[in-house]
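Residue numbering restarts at 1 for every chain, and letters A, B, ... go by the order of the sequence lines.
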Amino acid sequence: MSNTTTHVPGPAQSLPSARVLKLAAFAILAVVLLVAPAVLYPVFLMKILCFALFASALNLLLGYTGLLSFGHATFFGGGAYFTAYCVKILDVGPLTGILIGVGGAAVLGLAIGVIAIRRQGIYFAMTTLALSQLAYFCFLRAPFTNAEDGIQNVPRGTLLGIFDLTDHVTMYFFVLTVFAIGMFTIWRIVTSPFGEVVKAIRENEQRAISLGYNVNRYKLSVFTVSAALAGLAGSTKALVFQIATLTDVSWQMSGEAILMALLGGLGTLTGPAAGATVIVTMQNYLAATSVPVNVVIGVVFVISVLLFRKGIVGVFQKFSKAP
Amino acid sequence: MSTLSKLTSVAFATCLATSQTVFAAEDPVKILVLDDMRGIFSGNGGPNTLLAVQMAVEDFDTSSLGTTVEVLSADHQNKADVGSSLAQRFIDEQGVDAITFGGSSAVGLAVQGRAAESKVITMTTGGYAPNFVGDQCSPYGTQWAPTTRELARGVAGTLVDQGLKDWYFITADYVFGRALSTDAADAVVDAGGGMKGETLHPLNTNDMASALLAAQASGADVVGLANAGSDTETAIKQARSFGVGDKLAALLFFSNNAQALTLDVAQGIRVSTSFYWNMNDTTTAWAERFMERNGGQVPTMGHANAYAATTHYLKSVAAAKSQDAAEVTAMMHSLPVDAGILENASIQENGRVVYDMLLAEVKAPSESTGPTDLYKILSRIDGSDFFLSAAESGCPLVN
Amino acid sequence: MIQELVNDGQAVSDTPVLSVRGLCKSFGGFHAVKNVDVDFQPGQIHALIGPNGAGKSTFFSLLSKFHEPTSGTISLAGQDITRIRPEKVVRMGMVRSFQISAVFPEMTVLENVRVALQRRTGRDIQFWCGLGLLDSLRDEAMYLLDRVGIADLADKRAADLSYGRKRTLEIATTLALDPKVILLDEPMAGMAIEDIGMVSALIKEISQDRTTLMVEHNLNVVEDLCDTATVLARGEIVAKGTFSEIRNDSEVRRAYIGTDYD
Amino acid sequence: MIEENCLALSDIHGWYGESKALHGIEINVKRGQTVALMGRNGAGKTTTLRAITRQLTRTEGSITKDGQDISAVPRHKLAYKGIGFVPEDRGTYNSLSVQENLKLLPKVGNSGMSIDELHSFFPNIQERRHAPAGTLSGGEQQMLAMARVLLAGPDLILLDEPTEGLAPVFVQKIAELLQDLKKRGLTILLVEQNMLFTRKLADHFYMIENGLVVADFPAEELSENEELISRVLGV
Amino acid sequence: MEIFGISVPALAGQLLIGLFNGAFYALLSLGLAVIFGMLRIINFAHGAFYMLGAFSAYMLSAYLEASFWVSLLIVPLILAALAAVLERSMLQRLAGLDPLYGLLLTFGFALILEGGMQYVFGVAGQPYSPPASLSGASNLGFMFMPHYRAFVIVVSLIVCFGTWLLIERTKIGSILRAATENPSLSEVFGLNVPVLITATYAFGAALAGIAGIMAAPVFQVSPYMGSNLIIVVFAVVVIGGMGSIMGAIISGFALGLVEGLTKVIYSEASNVVVFVIMAIVLYFRPAGLFGKDA
């Protein structure tokens, strides 16, 4: 964070103390993430990181650009499939595999985006949903995905020929790095000149057009980047769990990502990750009990839509701002 | 990062080591029942599998083990990613010694792969793909459920012998379904019959009408259903309304399917199974105890296999005086399997459990004496040369 | 090209900067704008007046390409813009304001202006840079804010401004684009009297060496500001000319003052 | 009896979104009177009617109808207090046929107009009853809007610019109708810029500027206020 | 008998099945269109309502031994009541917000309803038999026609066109259309718009309930029976033009037929044909085939 002279956007004025507080929080978070695998089960942590990245990717589109995509699982699952296939069948390394997954997801994003971007609001959501369902059936039928069975036993491999990723903790740090890169990318975009224009489009599209911006081009760019990042999350998940399945491309998965982002707080950098942490933890612990997970998630969803549209981070900000 | 990684690895390892030393004195035998608890296959596995495993533990004399037995359970929701991560978690965090598995074979194979890497015993009680003891076999795995091959041959062979030679298949479009139809087609051809065609459908199809019409148009004698669970039920239900009902052969069918469909709809369907609840005195006594505890749900072959598998596993742990996967597996292979629930059972080198099978027919409502009286047994099939031998299985562990 | 536009305009002052021929727009069966022919000369302030529902706002939306015309042509500086996308029209130098104030509410006042400056200076696609890149635009933005008199509010959230201030901000944002043709849709609507004088002066100032076309109801303002006026009623042009000509036109009187009856 | 207040607005403040449009309007409409609100575009006349019909983002102040405070009555119950509204854009439903438009409003009272009388007043409407209202001309739409309200039978009618954009023949027609309604004792609150039209109809005038009443006077004092009127109307 | 190498019975049979599926598409997309027209909300819970319709029929029969015909009357009322409660207690609070929140809220409803039924009944299908009077089938010579399927097509046509008549030709319909066109003015005119909105949502849910009970004897009654169907129906609505009543009905039946035809010609594509058509329609006619400019 070197832009000391710029005005940090947002309602909160960046007082020095707030800034110190932010840095402190960031440092604490970093430390927590670094020591977490010593305390908690690394695979569980990796799952959180993958979904946090996925939700953040969606948030880049929904929270910062104001576009609700109900088909982001296509990119998440697409990335997972491409990576799994390349790593398992074509025998490429994990890094190359992930890059291919990200590239594939970006191409899918561009293709779907070109059609979907023509509509707005609810029509945009419907279009992405239907197109992702089209993609779902393509994945179901494609010869390389093994339909219902998925691509199983994907080897994690060795990173750069040095790090043995079969070890959970090594893999964890690899995933953490990927996550950090993904989050940095999002942060970079939303606090860039490009991000300013995107924010302007979200706040008042007509006005942005009247300033001479070709808003569709910006929307398509963000859509593609968001798709690529969702692909990054999916690719990484495929390596962590060594599997890529239809679940990853189903529309329910898209819904889950929206829930995470909404629950955590749309349009905030940390919100979606917080939402993902809550949901994944809940799924993890409820799975072992007789409590119906979907009902609980549904209730959380309804409550957050009705009462906490600003999400966890929003509620937190509200309390921290209160005198 | 690598230094840090090592550091935390060490820290993590220390944690584990500490916890192991503390509890080593009374390390219980932990069995994980990993099944589809609420999904489309939960009827033939699910909560009743858990019950069967618990009954097996209760019925077992645990004093011979020198420790307690703990039964854990989890729902994999028929999602391979959920299943494999749950298995991994229970292995890493709980230190489970054995996993009994039921539900979608796709999930099961992922779980067995994961368990094999971590040297944990798997007992497939409700997964029917041949791959469990074939190309993806595990040194610590046993498959108690029959495979698509036996299910298909049991029904197909018999029907062709009765003169129903021309077959049409309605097949679930994934590995299990395709294996089932391929095996059945082989059986039909072996027995002198022929193929009229096949329609593939995705998992969880709610309308089989177009497939049934295609089957009807082909003029086949028999419409073979190479699918499972609710897909099979849908097909049977709809076949009745299109006048194809009398031509059906369900290649994988459970007593719970018959209960769900009602005898009125399901009557006359030929099924191949390893178990029927009142096939002998032992099973009748066990099934009655079982039904007392679950409100009258008839145990399926999945439940029976879970009971038999758990019993055999515990016996082997006691005999081996160890919880080590390799030692227990060796003991499982060498000890005879108790007769009763399974008849003439033994375990092959690739983990395949071999036993006698039954060919049964769903009773007409008029023949049935009550809600649990579902099948009449037509014949018994000697298991000894009915199952694929270890050598033919393609299991890489068998030389 | 923009520069050309002005020079041409000044050199040959009777060449219209904006020219409309046979413009029609219908929504469903309703004809909002009917067969309008009109030319606007460069360097002047034009008023577009007429009773409510006369089609003035629709006409503006057609000019700025926010609506597609049903038929007819529009040309800007001799170039046909009838089938051009709205943002392209802006890039050609014609910018509109909206009837309801259009700001980016969650951005600060400074950011509102800065985002308008970004495109013109080519700092709109850098996603790999920090906001530091935009520091250089700060001075220009502050200059514009100062020019409209709200420099002291630069760090306020736009949503927190009063209504009049928002309109002022909107004008500053429009200025940031350095347009050659400005379309102002009821810039005084809903303003307190004090603000009207201020905005009126502002419009007069910014209209120097530009062409301004404004919809306005306040005839005093029109008289004070505008060189020429066009009167629209029921989607059609009923009169055009200087304000004094218009004022005595019977059609206009009828449109504004009313029809007698027995 | 005739002096009794039918509608009284006291200290009405109103907002569209964040923009404040009314700054303390005071208006009294006596039973049986026709009251005209005059002022320039954007002065707050239409907004005043919208404040009564509660279509603003926020309204403060008291509104009473026949002495009863109606500022908290649910919006859909206002009509049942005897208030009929003909909005500026006429508010005819373009996708509905003329007949459907006519029969749409619930009956809230009896203004003394039967459907036959209405038909004789508005022969066009009778003729075009199956046509979608969107295909009517502006004048026909205005008549439809007025006929529709009259059929519902309110005792107070809020009329927003009824002659706006209409051909003289329709203006004439509407004036006749209003004269007739006056005779029948209906109370009318009229927003109108057409001075020539208003001066023959209204009993009382309110001049509005910048969301405030700047003057009010009875019809008799009209001639004394010509200058004021010219100034306020900006002509 | 063959046409283009396809046997006539096979073609006729598949088209009939297509029409049958179309009957469900039409009923469901009609409900969505009615709701969207009035509330401007895409009702994501529609699939769950359909599922609840089937489950209500199943439960009425299993616990109260109600006949199919009795259930056919009661089930839509149950669904309407449920929807009215949901609208009054929750959906109404979102008035004035971005309609996307409505989409998300109803998505939450769907999760709860489907998850809840799964919790109670599991995922396996529950049995439900068609009424005895409709259980037979007729051999039409060129194909086998189950009576129940013919019944469903007829009922769906009646309900769809009845709804169309109700909305286009009655006083109630004109009130609804008026409230849709200009809600706030309609309120000033004395129409109780909040109640109309609740009623509309309830009516849309009742249509889904009718579809659900009619599906019960044919398809498996299971918690997720609606969740994938509804995505296809969304596509149908988009193709027909959102909010267009006639568009929903016609495109519902038409797409069913197209799907049936695809099964004969190239069955692998039958799952995607609707989405492909949707993508094409959206590209060339963004407002849908029968929609007005959005």
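- Interface check for chain E: of the options D:Asn94, D:Val108, D:Leu78, the most heavy-atom pairs under 4.5 Å are formed by D:Asn94.
- The most heavy-atom pairs under 4.5 Å with chain E, out of D:Arg148, D:Lys103, D:Glu100, come from D:Glu100.
- Residues E:Phe189 and D:Pro106 share a closest heavy-atom pair of O-CD, 3.3 Å.
- To the nearest 0.5 Å, atom CD of residue D:Gln99 and atom NZ of residue E:Lys171 are 11.5 Å apart.
- With a threshold of 4.5 angstrom between heavy atoms, D:Arg54 does not approach chain E through any atom at all.
- At least one side-chain heavy atom of D:Gln55 sits less than 4.5 Å from a side-chain heavy atom of E:Leu185.
- Among residues 172-181 of chain E, the residues having any heavy atom closer than 4.5 Å to a heavy atom of chain D are, in sequence order, E:Ser174, E:Ile175, E:Arg177, E:Ala178, E:Glu181.
- For the residue pair D:His76 and E:Asn192, the shortest heavy atom distance occurs at NE2-ND2, 3.1 Å.
- Residue contact with chain E, scored on non-hydrogen atoms closer than 4.5 Å, involves the backbone and the side chain of D:Phe85 alike.
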